[in-house]
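Index from 1, following the sequence. Keep in mind that this is a model prediction, so the values were computed, not measured.
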Amino acid sequence: QLVESGGGSVQAGGSLRLSCVDSGRTFSGYYMAWFRQAPGKEREFVAAISWAIGLTYYADSVKGRFAISRDNAKNTVYLDMNSLKLGDTAVYYCAVGKRYKATLSTDYDYWGHGTQVTVSS
């Protein structure tokens with residue numbers, strides 16, 4: 001079971017760190033990703049990381065502002081979000097899949113329930 005945390009309300013330009021932990025399985029051999037979904041919009045890919053060696057991949061919209069990382073010992077994936085913009089407001093989900101650079105939600109097999117991020121001016 002994937003559980004996200006760390007969401008909240010922040011002013012534009014601020015930062016947040018999201019966490020995703022799964023106490024039920026190991027992520028070894030998998031790719032972990034963050035997606036987000038704003039009201040009335042499709043769920044979109046944000047970033048992904050390979051659990052084994054830490055290869056990362058980002059959506060162009062967050063490149064240079066967001067950073068995905070993982071802590072193998074804690075079975076946790078993080079998303080550090082900096083220079084937040086109004087357009088980053090969404091529910092953020094973590095997901096587990098088996099393909100590198102997979103950006104479609106259908107590429108991922110397991111999902112968390114999401115955590116709300118709200119950016120205000």
Side-chain angles (χ1 to χ4, degrees):
Q1 180 178 355
L2 297 171
V3 179
E4 303 97 334
S5 62
S9 297
V10 63
Q11 287 192 320
S15 300
L16 280 174
R17 171 177 253 203
L18 306 183
S19 301
C20 174
V21 61
D22 187 345
S23 58
R25 66 172 65 83
T26 177
F27 295 143
S28 178
Y30 289 87
Y31 295 91
M32 306 298 300
W34 287 96
F35 281 73
R36 65 187 182 186
Q37 188 166 18
K41 294 188 176 181
E42 297 287 322
R43 190 169 296 189
E44 66 172 352
F45 171 80
V46 175
I49 188 167
S50 65
W51 191 254
I53 60 175
L55 287 174
T56 59
Y57 185 69
Y58 296 93
D60 288 341
S61 59
V62 305
K63 203 172 292 184
R65 299 189 299 122
F66 291 10
I68 188 171
S69 61
R70 88 270 194 242
D71 185 326
N72 298 54
K74 296 182 179 180
N75 221 34
T76 300
V77 176
Y78 303 99
L79 184 69
D80 288 296
M81 305 185 295
N82 299 303
S83 301
L84 283 162
K85 304 176 181 180
L86 298 180
D88 294 320
T89 295
V91 177
Y92 284 71
Y93 300 88
C94 67
V96 178
K98 296 181 179 179
R99 292 178 54 228
Y100 179 51
K101 290 190 177 181
T103 60
L104 300 178
S105 58
T106 51
D107 292 323
Y108 292 83
D109 303 310
Y110 304 101
W111 292 84
H113 292 294
T115 184
Q116 176 71 47
V117 172
T118 302
V119 184
S120 60
S121 58

Handout entry: Nearest non-hydrogen partners of Val117 and Leu18, listed with the distance
Key = CG2-CD2, 4.0 Å
Exercise for the section: Go through the structure and list residues passing salt bridge (Lys or Arg N to Asp or Glu O under 4.0 Å) with Asp60, not counting sequence neighbours. Expected result: Lys63
Problem - Shared hydrophobic cluster, Ile49 / Tyr92 (ILVMFWY, side-chain heavy atoms < 4.5 Å) - result: yes
Exercise for the section: Among residues two or more places apart or on two chains, list those pairs meeting disulfide (SG to SG under 2.5 Å) that have a residue in residues 86-121. Expected result: Cys20-Cys94
Practice task
Report yes if the side chains of Ser61 and Lys85 come closer than 4.5 Å at any heavy-atom pair, otherwise no.
Solution key: no
Exercise for the section: Find the distance between CZ (Arg99) and CG (Asp109) and round it off to the nearest 0.5 Å. Expected result: 11.0 Å
Practice task
Without swapping roles, check the side chain of Gln37 against the backbone of Ala90 for a donor-acceptor pair under 3.5 Å.
Solution key: no
Problem - Shortest non-hydrogen contact between Trp111 and Ser105, atoms and distance - result: CZ2-O, 3.3 Å
Exercise for the section: Enter the distance from His113:NE2 to Leu2:CG here, rounded to the nearest 0.5 Å. Expected result: 9.0 Å
Exercise for the section: Mind checking the CD1-OH spacing from Ile53 to Tyr100? Nearest 0.5 Å is all I need. Expected result: 8.0 Å
Handout entry: For Asp80 against Ser69, the heavy-atom pair lying closest together
Key = OD2-OG, 4.4 Å
Handout entry: Side chain proximity check, Val77 to Trp34, heavy atoms < 4.5 angstrom
Key = yes
Problem - Partners passing side chain to side chain donor-acceptor pair (under 3.5 Å) against Ser120 (at least two apart in sequence or in another chain) - result: none
Problem - Cluster overlap Tyr110 with Tyr78, hydrophobic side-chain contacts below 4.5 Å - result: no
Fill in the blank from the handout: Minimal heavy-atom distance between Ser15 and Asn82, with the atoms involved, is OG-OD1, 2.9 Å
Practice task
List the steps, then state whether side chain to side chain contact (heavy atoms under 4.5 Å, CB included) holds for Met81 with Asp88.
Solution key: CA-CA 9 Å; Met81 305 185 295; Asp88 294 320; over 6 Å; no
Handout entry: Inter-residue atom distance Thr76.OG1 - Met32.CE, 0.5 Å rounding
Key = 9.0 Å
Exercise for the section: Return yes if some donor-acceptor pair links the side-chain N/O of Thr103 with the main-chain N/O of Phe45 below 3.5 Å, else return no. Expected result: no
Problem - Gln11 and Val119, any side-chain heavy atoms less than 4.5 Å apart - result: no
Exercise for the section: Check whether any side-chain heavy atom of Tyr31 sits under 4.5 Å from a side-chain heavy atom of Leu55, and report yes or no. Expected result: no
Practice task
Check whether any side-chain heavy atom of Tyr30 sits under 4.5 Å from a side-chain heavy atom of Lys98, and report yes or no.
Solution key: yes
Practice task
Taking Asn75 for its side chain and Asp22 for its backbone only, find out whether a donor-acceptor pair lies under 3.5 Å.
Solution key: yes
Problem - Arg70 side chain to Ala52 backbone, donor-acceptor under 3.5 Å - result: yes
Problem - All ring pair (Phe, Tyr, Trp, His ring centres under 6.0 Å) counterparts of Tyr108, not counting sequence neighbours - result: Phe35
Practice task
Would you name the heavy atoms of Asp71 and Trp51 that are closest together and state the gap between them?
Solution key: O-CH2, 3.7 Å
Practice task
Give a yes or no on whether Ile68 and Leu16 share a hydrophobic cluster (residues Ile, Leu, Val, Met, Phe, Trp, Tyr; joining criterion: side-chain heavy atoms under 4.5 Å apart).
Solution key: yes
Handout entry: Note, Arg36 side chain near Leu79 side chain (heavy atom, < 4.5 Å)
Key = no
Handout entry: All ring pair (Phe, Tyr, Trp, His ring centres under 6.0 Å) counterparts of Tyr58, not counting sequence neighbours
Key = none
Practice task
Quick one: pull up CZ in Arg17 and OG in Ser5 and give me the separation to the nearest 0.5 Å.
Solution key: 10.5 Å
Problem - ILVMFWY cluster membership beyond Val3 - transitive side-chain contacts under 4.5 angstrom - result: Val21
